[in-house]
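Lettering of chains follows the sequences in order, A, B, ..., and the numbering in each one begins at 1. Since this is a predicted model, take the numbers as computed values, not measurements.
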2 protein chains.
Amino acid sequence: MRLLLVEDDARIAADISAVLTGAGYTVEIAADGENAWFLGDTEDYDLIVLDLGLPGMDGMSVLKRWRGNGRHMPVLVLTARGSWAERVEGIDAGADDYLPKPFQFEELLARARALIRRSVGHGAATIAVGPLSIDTRAMRVSVNGVPQALTPLEYRLVSYLGHHRDRIVPPTELQEHLYGDDFSRDANALEALVARLRKKLGAVAIGTRRGFGYYMGENAP
Amino acid sequence: MRLLLVEDDARIAADISAVLTGAGYTVEIAADGENAWFLGDTEDYDLIVLDLGLPGMDGMSVLKRWRGNGRHMPVLVLTARGSWAERVEGIDAGADDYLPKPFQFEELLARARALIRRSVGHGAATIAVGPLSIDTRAMRVSVNGVPQALTPLEYRLVSYLGHHRDRIVPPTELQEHLYGDDFSRDANALEALVARLRKKLGAVAIGTRRGFGYYMGENAP
DNA sequence: ATGAAGCTGACAATTCGCTGACAGACACTG
DNA sequence: CAGTGTCTGTCAGCGAATTGTCAGCTTCAT
């Protein structure tokens with residue numbers, strides 16, 4: 001899962017980023033409105049955490065411009081405490097959820113999970129695909145009810161494919177979501193990762209559509 | 001189920017009460033500390049929802065006096081957000097759970113249900129995980145019945161993991177709960193703490209899922 | 001048939017978590 | 001006030017798990 005964190009205070013940004021990274025997300029940071037707008041408009045994120053009150057372009061304007069351009073990724077807005085007017089304005093601007101500052105990191109994670117789930121159309125904390133079940137809260141994957149020992153990277157891949165079940169996911173998209181900005185990796189790293197996963201979960205767990213990408217779930221040609 | 005709601009703001013009290021009543025609970029309201037203490041000490045409730053910052057006797061003192069008198073009904077404390085010191089003090093005073101304000105009513109209900117379930121399940125005060133038993137009231141941990149001398153920080157870690165048994169707790173979450181917003185500590189501090197604990201409680205007490213976090217209880221693999 | 005795309009096993013580099021030693025902060029005691 | 005002991009953060013080094021890379025192989029589409 002790839003997140004964009006828009007926050008101008010470097011220290012706060014580092015803290016939040018650490019928490020999100022610890023929860024298994026790939027986090028990129030934008031420190032001002034211009035940059036945030038550009039990244040949000042051109043890149044593909046699973047969630048954007050947007051702090052209002054930025055230098056440069058105002059956070060609310062950034063959000064409005066994204067929505068105006070038809071970008072509809074989930075956006076979680078961090079607001080000042082008790083600012084009701086801001087909330088209302090934000091709802092109109094197209095925010096998906098709010099978190100008044102200061103907040104518990106745990107709550108940020110819970111809301112992030114909820115938003116990501118909702119955005120891809122699943123209501124439950126556990127996603128079931130064929131013989132697999134993915135518990136996004138315990139970060140555990142079971143095959144026919146038997147829990148599997150997955151490494152963090154493996155889990156992130158399964159989780160992403162599970163959230164986008166029945167859809168072909170191009171390798172480039174997967175690389176972006178797994179590795180973020182870091183382009184240093186060989187394309188083969190992903191293939192090796194898939195191979196290791198299939199060995200653990202069974203060959204049927206992840207399908208390949210040659211020339212297009214990988215998928216989980218039903219996707220017969 | 002009979003609940004006591006301790007809240008001085010009449011409007012907020014009415015709102016919360018309506019929600020709880022709607023969920024099928026019988027709700028009584030105490031608007032100040034003296035009254036709350038009297039009711040909690042003489043009546044029998046399945047759960048007490050306690051807002052701190054009351055007129056008259058302070059909420060924390062009320063809680064301490066209840067516990068001092070041997071009353072051990074579950075208490076859910078509503079705290080100001082981000083007040084780490086308050087939380088720690090509350091743990092010591094004997095609170096069973098926390099909810100930072102403002103909160104979603106849905107979450108209040110969920111936590112209330114969990115607390116009530118837990119309290120009827122096994123006497124509330126002790127959590128048993130494998131060879132460990134954690135007496136949350138006496139703040140004492142035993143291994144196979146043998147009491148262990150734990151330092152305050154060690155106890156807080158065990159207690160937190162015990163309350164979240166069978167769940168992977170990411171290191172960032174633990175750091176937040178142990179150290180509050182102060183992220184200046186080296187990540188290694190937590191690891192050192194875990195190492196010391198394992199030396200006291202036995203290596204099996206706390207498990208590690210590399211790349212994910214720590215856990216107590218069943219969580220293989 | 002043939003080249004491209006994808007798979008796989010082996011190996012190496014890197015990261016992560018554990019541990020023992022040490023030091024500063026603090027409280028308690030004589 | 002000095003001395004002592006406890007608690008906890010920091011450091012450095014070790015071992016192991018994780019992950020990237022490479023080379024050769026298989027499969028597929030045209």
When A/Ile134, A/Leu157, A/Leu197 are each screened for side-chain contact (heavy atoms from CB on, under 4.5 Å) with A/Leu150, the one that passes is A/Leu197
Taking D/dT18, D/dG20, D/dA12 as options, the one with an atom nearest any side-chain atom of A/Pro152 is D/dT18
When rounded to whole Å, the CG to C1' distance for the pair B/Leu190 and D/dT10 reads 14 Å
Result for side-chain contact (heavy atoms from CB on, under 4.5 Å) between A/Leu78 and one of A/Ile16, A/Leu52, A/Val6, A/Ile12 points to A/Ile16
A/Arg156 CZ to D/dG20 C1', in whole Å, measures 14 Å
Between A/Val194 and B/Gly211, whichever has its closest DNA chain C nucleotide further toward 5' is A/Val194
note: B/Leu150, atom CG; D/dT6, atom P; distance rounded to Å ~ 15 Å
When rounded to whole Å, the CZ to C1' distance for the pair A/Arg196 and D/dT19 reads 6 Å
Picking from D/dG20, C/dG17, D/dA29, the nucleotide nearest the side-chain atoms of A/Leu153 would be D/dG20
**Request:** Using only side-chain N and O atoms of B/Thr151, determine if any of them is under 4.0 Å from OP1 or OP2 of D/dT8.
**Result:** yes
From CD1 of B/Ile206 across to P of C/dG17 the rounded distance in Å is 15 Å
Rounded to whole Å, the CD-C1' distance (B/Glu191 to C/dT19) equals 10 Å
What contact category does A/Arg198 fall into here, base, sugar-phosphate, or nothing, at under 4.0 angstrom with non-hydrogen atoms? sugar-phosphate
For this session: Tell me whether the OP1 or OP2 atom of C/dG20 has a side-chain N or O from B/Lys199 closer than 4.0 Å.
Result: yes
Regarding the side chain of A/Arg210, the nearest nucleotide among D/dT10, C/dC16, D/dT27 is D/dT27
Considering only heavy side-chain atoms of A/Tyr179, the closest of D/dG20, D/dC28, C/dT8 is D/dG20
(request) Using atom types as modelled and distance alone, determine if a side-chain donor or acceptor of A/Glu7 lies under 3.5 Å from a backbone N or O of A/Asp9. (result) yes
Aromatic A/Trp66 / basic A/Arg71 pairing, under 6.0 angstrom, 45° off normal: no
Exercise for review: Would you confirm whether A/Arg209, through its side chain, and A/Ile168, through its main-chain N or O, come within 3.5 Å as a donor-acceptor pair?
Suggested key: no
- Do the side-chain N or O atoms of A/Thr208 get closer than 4.0 angstrom to the phosphate oxygens (OP1, OP2) of C/dA5? no
To the nearest angstrom, the CG-P distance between A/Leu197 and C/dC7 comes to 12 Å
Between CG of B/Asp186 and P of C/dT19 the distance, given in whole Å, is 17 Å
The nucleotide from C/dC18, D/dC7, C/dT8 with an atom nearest the side chain of B/Tyr214 is C/dC18
